[in-house]
Amino acid sequence: MSNDNLQQRRLSATPRGVGVMCNFFAMSAENSTLTDVEGNHYIDFAAGIAVLNTGHRHPRLVQAMEQQLKAFTHTAYQIVPYESYVSLAEKINAAAPIDGPLKTAFFSTGAEAVENAIKIARAHTGRPGVIAFGGAFHGRTYMTMALTGKVAPYKKGFGPFPGSVYHVPYPSQLHNISTADTLVAIERLFKADIDASQVAAIIFEPVQGEGGFNVAPPELIAAIRHLCDEHGIVMIADEVQSGFARTGKLFAMDHYAHQPDLMTMAKSLAGGMPLSGVVGKADIMDAPSPGGLGGTYAGNPMAVAAAHAVLDIIEDEKLCQRADALGERLRIALLDCKESCPELAQVRGLGSMIAAEFCDTETGEPSAATAQRIQKQALDRGLLLLTCGQYGNVIRFLYPLTIPDDQFDAALNILRSVMKS
């Protein structure tokens with residue numbers, strides 16, 4: 001079996017709409033190492049797009065799934081419930097940075113979590129409107145495509161989209177968009193497009209994922225909270241990519257003084273198993289009628305078992321603290337490359353949710369070519385990196401927080417070598 005042969009089979013058997021970045025195929029994986037079908041090894045700084053904060057095949061996660069496999073794999077929670085779902089909801093309720101009685105519902109994908117958060121907000125308020133942000137990514141289903149603030153490749157050719165969705169700019173120091181600019185845009189929406197009394201929710205990522213790891217200024221979070229309180233709007237924090245120790249806290253919203261009403265989560269919640277959730281204030285979560293939420297595979301027992309293990313691993317192995325330590329080492333290494341890579345315009349992020357943005361040194365315009373060059377040369381040397389950002393000019397770093405120190409150092413050495421112009 002070869003990568004070339006599998007690539008030809010893939011092109012013949014699967015549609016081009018499922019974009020695939022790598023031309024090699026996985027055979028096995030352990031912690032932060034991927035091995036392809038030809039025996040080549042890669043340091044994984046992609047982690048399945050932020051899914052593997054606890055690494056590939058953590059022994060405690062594997063053990064938890066093996067135990068569940070011996071009991072049962074599926075009943076559909078809405079038909080025959082099970083204790084592990086309830087106890088996981090209790091853990092999330094206790095951990096979420098939202099005061100008061102909370103409730104949690106589980107689903108399968110991040111897009112499902114976002115869709116259901118919007119459903120819950122609309123059921124609670126009786127209103128249709130939703131405000132989202134430019135550069136946001138919330139999923140590939142129709143409602144989440146409408147919420148997503150990037151056309152290509154996510155929305156191109158798929159319209160029309162659900163109505164009553166409005167976008168405003170997300171603050172960016174590098175691109176001269178301030179929190180004041182964002183608030184002016186929201187006020188213009190209220191004057192020109194939709195009355196505030198008709199807005200059900202404002203949804204935002206505290207650290208934008210696909211948008212380029214833009215970190216929400218504290219004053220933005222405070223302003224959104226004020227607007228939501230003033231107008232009876234539900235405040236939704238989308239933590240699908242930023243949750244579960246990535247930012248140095250269990251949730252990115254733990255970094256802020258102001259709290260949302262609902263939070264979405266997925267990705268690293270279950271360490272590679274498909275599980276997502278919505279947690280929020282009990283009275284809001286209870287708005288939909290029985291049967292209004294759920295799904296055949298929602299809260300699958302295998303995924304729930306994995307999530308229990310993930311939460312234990314994060315706590316016992318102190319992964320929030322490790323995220324801060326690794327992130328600081330990465331930040332220093334990137335900034336040390338500024339002289340040899342003048343296109344490096346900004347390093348930003350929280351904890352280990354770090355990104356580097358590249359711009360043309362003469363024009364100041366976003367340089368996707370630089371990001372792509374670094375990504376390709378790193379891959380040639382065995383380091384897997386992902387790009388992001390509205391202009392594709394940002395490299396994001398999503399290594400497992402369990403990565404061994406010597407392997408992390410090896411990855412940083414590769415990064416230093418390829419960032420030289």
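Remember, it's a predicted structure, so these values are computed and weren't measured experimentally.
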Taking 4.0 angstrom as the limit, do [X] and [Y] come out as a salt bridge?
X: R225; Y: D261; answer: yes
X: D336; Y: R416; answer: no
X: K281; Y: D99; answer: no

Tell me whether [X] at atom [atom1] has more than 12 heavy atoms from other residues, nucleotides or ligands lying less than 6.0 Å away.
X: Q78; atom1: CD; result: yes
X: Q173; atom1: CD; result: no
X: Y391; atom1: OH; result: no
X: I194; atom1: CD1; result: yes
X: K150; atom1: NZ; result: yes
X: R140; atom1: CZ; result: no

Does any N or O in the side chain of [X] come within less than 3.5 Å of the main-chain N or O of [Y], such that one atom is a donor and the other an acceptor?
X: R373; Y: V418; result: yes
X: E343; Y: P366; result: no
X: T141; Y: A111; result: no
X: Y170; Y: E205; result: yes
X: D193; Y: F190; result: no
X: Q321; Y: G248; result: no
X: E112; Y: T109; result: yes
X: R127; Y: S197; result: yes
X: Q208; Y: G134; result: yes
X: T179; Y: E219; result: no

Pair [X] and [Y], ring centroids less than 6.0 Å apart:
X: F251; Y: F244; result: yes
X: F213; Y: F397; result: no
X: Y142; Y: F158; result: no

So which atom in [X] and which in [Y] form the shortest heavy-atom distance, rounded to 0.1 Å?
X: S108; Y: S276; answer: N-OG, 3.3 Å
X: H58; Y: E317; answer: NE2-OE2, 2.8 Å
X: H167; Y: L147; answer: NE2-O, 2.8 Å
X: A95; Y: L250; answer: CB-CD2, 3.5 Å
X: V279; Y: I98; answer: O-CD1, 4.2 Å
X: H56; Y: T33; answer: CD2-O, 4.4 Å

Can you check whether [X] reaches [Y] side chain to side chain, under 4.5 Å on heavy atoms?
X: L401; Y: T54; result: no
X: N40; Y: F24; result: no
X: F408; Y: I43; result: no
X: H255; Y: L350; result: yes
X: I236; Y: F204; result: no
X: H308; Y: K91; result: yes
X: I49; Y: K267; result: yes
X: I202; Y: V130; result: no

[Y] and [X] side chains, donor-acceptor separation under 3.5 Å:
X: S242; Y: E239; result: yes
X: Y399; Y: S352; result: yes
X: D238; Y: T264; result: yes
X: H41; Y: T35; result: yes
X: N31; Y: T402; result: yes
X: D44; Y: S32; result: no
X: H175; Y: Q390; result: no

| According to the salt bridge (Lys or Arg N to Asp or Glu O under 4.0 Å) rule, which pairs have a member within residues 394-415, sequence neighbours left out? |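 Every salt bridge (Lys or Arg N to Asp or Glu O under 4.0 Å) pair that includes a residue of residues 394-415, provided the two are not neighbours, is E210-R396, R322-D405, R329-D405, R329-D409.
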
| said: Between Y77 and V86, is the side-chain contact (heavy atoms from CB on, under 4.5 Å) condition met? List the steps. | reply: CA-CA 10 Å; Y77 177 78; V86 176; 3.7 Å; yes

| request: Begin from the C-alpha positions of R381 and Q377 and carry the test side-chain hydrogen bond (donor to acceptor under 3.5 Å, both in side chains) through to its verdict. | output: CA-CA 6 Å; R381 290 165 170 79; Q377 291 180 0; 4.5 Å; no

| query | Can you name the residues that form a salt bridge (Lys or Arg N to Asp or Glu O under 4.0 Å) with K376, not counting sequence neighbours? | reply |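 With neighbours one apart ignored, the set is D380.
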
Rounded at 0.5 Å granularity, tell me how far [atom1] in [X] sits from [atom2] in [Y].
X: N300; Y: T73; atom1: CG; atom2: OG1; value: 7.5 Å
X: I284; Y: L102; atom1: CD1; atom2: CG; value: 10.0 Å
X: L386; Y: I395; atom1: CG; atom2: CD1; value: 9.5 Å
X: D286; Y: I120; atom1: CG; atom2: CD1; value: 9.5 Å
X: L335; Y: L344; atom1: CG; atom2: CG; value: 7.0 Å
X: D36; Y: S28; atom1: CG; atom2: OG; value: 9.0 Å

| side-chain contact (heavy atoms from CB on, under 4.5 Å) between I374 and F358, intermediate numbers included | CA-CA 10 Å; I374 292 170; F358 300 90; 3.5 Å; yes

| said: Quick one, L398 with Q241, criterion side-chain contact (heavy atoms from CB on, under 4.5 Å). Give me CA distance, side-chain angles, the key distance, then yes/no. | reply: CA-CA 10 Å; L398 289 169; Q241 188 159 162; 3.8 Å; yes

| request: I would like to know whether N393 and S367 meet side-chain hydrogen bond (donor to acceptor under 3.5 Å, both in side chains); could you show each step before the answer? | output: CA-CA 5 Å; N393 67 317; S367 178; over 6 Å; no

| request: Starting from the C-alpha separation in whole Å, work towards a yes-or-no answer on side-chain contact (heavy atoms from CB on, under 4.5 Å) for F25 and R10. | output: CA-CA 10 Å; F25 290 74; R10 180 186 75 80; 4.1 Å; yes

